[in-house]
2 protein chains.
Amino acid sequence: MAQRTGHRAAPEHTHPDDVPVLTALAALADPVRLVLVRELAGSGDWTRSCGSFDVPVGKAALSHHFAVLRGAGLVEQRDEGPRRVNRLRRTEFEARFPGLLDLVLRETPTA
Amino acid sequence: MAQRTGHRAAPEHTHPDDVPVLTALAALADPVRLVLVRELAGSGDWTRSCGSFDVPVGKAALSHHFAVLRGAGLVEQRDEGPRRVNRLRRTEFEARFPGLLDLVLRETPTA
DNA sequence: ACGAGTGTTCGATAGGAAGCGAACACTCGC
DNA sequence: GCGAGTGTTCGCTTCCTATCGAACACTCGT
């Protein structure tokens, strides 16, 4: 067989083009997910595993949040060995919702 | 006395500049409020009273939604006789959250 | 000053979303 | 093939929000 790293249940992805505005807004309207998106934006693609984020929630909740982000077309995931690495779908999301991502990233978390 | 139309409890307004992103997103992440904002955008300033919107909710809920929109700096209200008329704070909100309003208005409700 | 019209507030209910802990699934190094 | 590391799923609790009906407040015409 080919070099398939992980024949685990592939994560379901939704392309930004198929995402209603309401879904996108709802996905971003959460403090934890906001942190995820921001940290993700500050890191290179596929460099961050799900567990590597500094958020005050357990694994279960974290997993759920990533599912929401996937469903909103904000994040793409790929299995790499035992861990699941992430990528922010910057350009695709920007094409679908111009300015929205910038808006969220332009904010200081301290505010 | 001056021509004061209404000495009712003046509605509390929040300027968009004082609104956190999260609040703005949360305010827009609701189907009913989305309709309100869109209909409001399609009408002239101060031409629509609260009760004049085609949404499937009662007066109580409606009142609450407008309170949320005010709190997010999206809507300005003024008492005009017995009714409370509204205005979408287009430019102010646009200045604070560039592109966000356009994003919401550019959508077909049918989608 | 009464009554119709319009909004807000109160109290209560129902639904959804976020959170946790525990159990399970998969990958990899030893 | 065991065990540590990593994520997902499940069941349950908790909290927040949307909603309603009813009561109240204000304005205006008659």
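Letters A, B, ... mirror the listed sequences (proteins, then strands); counts begin at 1.
Put simply, the side chain of A/Leu88 does not reach to within 4.5 Å of the side chain of A/Phe93, judged on heavy atoms. Side-chain contact between B/Leu69 and B/Arg33: present, with at least one pair of heavy atoms (C-beta onward) separated by less than 4.5 Å. Contact check for A/Phe53 versus A/Leu40: side-chain heavy atoms found under the 4.5 Å cut-off. Side-chain contact between B/Pro98 and B/Glu94: present, with at least one pair of heavy atoms (C-beta onward) separated by less than 4.5 Å.
Contacts between residues 40-51 of chain B and DNA chain C, defined by a heavy-atom separation below 4.0 Å, involve B/Ser49, B/Cys50, B/Gly51, listed by number.
The environment of CG in A/Asp54 is sparse: at most 12 heavy-atom neighbours from other residues, nucleotides or ligands sit within 6.0 Å. By the neighbour-count criterion of 12 heavy atoms within 6.0 Å, atom CZ of B/Arg87 is densely surrounded, having more than that number from other residues, nucleotides or ligands.
Rounded to whole angstrom, the span from the CG atom of A/Leu36 across to the C1' atom of C/dA18 amounts to 13 Å. A straight line from CD of A/Glu80 to C1' of C/dC26 spans 15 Å, rounded to a whole angstrom. A/Arg78 places its CZ atom 17 Å from the C1' atom of D/dT6, with the value rounded to the nearest Å. For A/Leu69 and D/dG7, the CG to C1' distance is 15 Å, given to the nearest whole Å. Atom CG in A/Leu22 sits roughly 11 Å away from atom P in C/dA17 (whole-Å rounding). Look at CG on A/Leu28: it is 12 Å from P on C/dA18, rounded to the nearest Å. Across the protein-nucleic acid pair, B/Leu62 atom CG and C/dT8 atom C1' stand 11 Å apart, rounded to whole Å. The distance between atom NE2 of B/His64 and atom P of C/dA12, rounded to the nearest whole Å, is 18 Å.
Here the options are A/Glu76, A/Glu12, A/Gln77, A/His13, the test is side chain to side chain donor-acceptor pair (under 3.5 Å), and the partner is A/Arg70; only A/Gln77 passes.
Taking 4.0 angstrom as the limit, B/His65 places a side-chain polar atom (N or O) nearer than this to OP1 or OP2 of D/dT19. Between A/Arg84 and D/dT8, a side-chain N or O to OP1/OP2 separation shorter than 4.0 Å is present. Contact between the side-chain N/O atoms of A/Arg83 and the OP1/OP2 oxygens of C/dC26 is not found at any separation under 4.0 Å.
Between B/Glu107 and A/Arg96, at least one side-chain nitrogen of the basic residue sits less than 4.0 Å from a carboxylate oxygen of the acidic one, meeting the salt-bridge criterion.
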Please write out each protein N/O paired with an N/O of nucleotides 21-25 of chain D under 3.5 Å, distance rounded to 0.1 Å.
none

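Ranked by how close their nearest DNA chain D nucleotide is to the 5' end, A/Gln77 and B/Arg33 are led by A/Gln77. Both B/Pro11 and A/Asp30 sit near DNA chain C, but only B/Pro11 has its closest nucleotide nearer the 5' end.
For the pair A/Arg84 and A/Phe66, the cation-pi test (distance below 6.0 Å, angle within 45°) is failed.
Closest to the side chain of B/Ser63, from the set D/dA18, C/dT8, D/dT8, is C/dT8. Looking at the side chain of B/Pro82, the nearest of the listed nucleotides C/dG19, D/dC28, C/dT9 is D/dC28.
The shortest heavy-atom contact between B/Arg90 and B/Leu105 is NH2-CD1, 3.4 Å.
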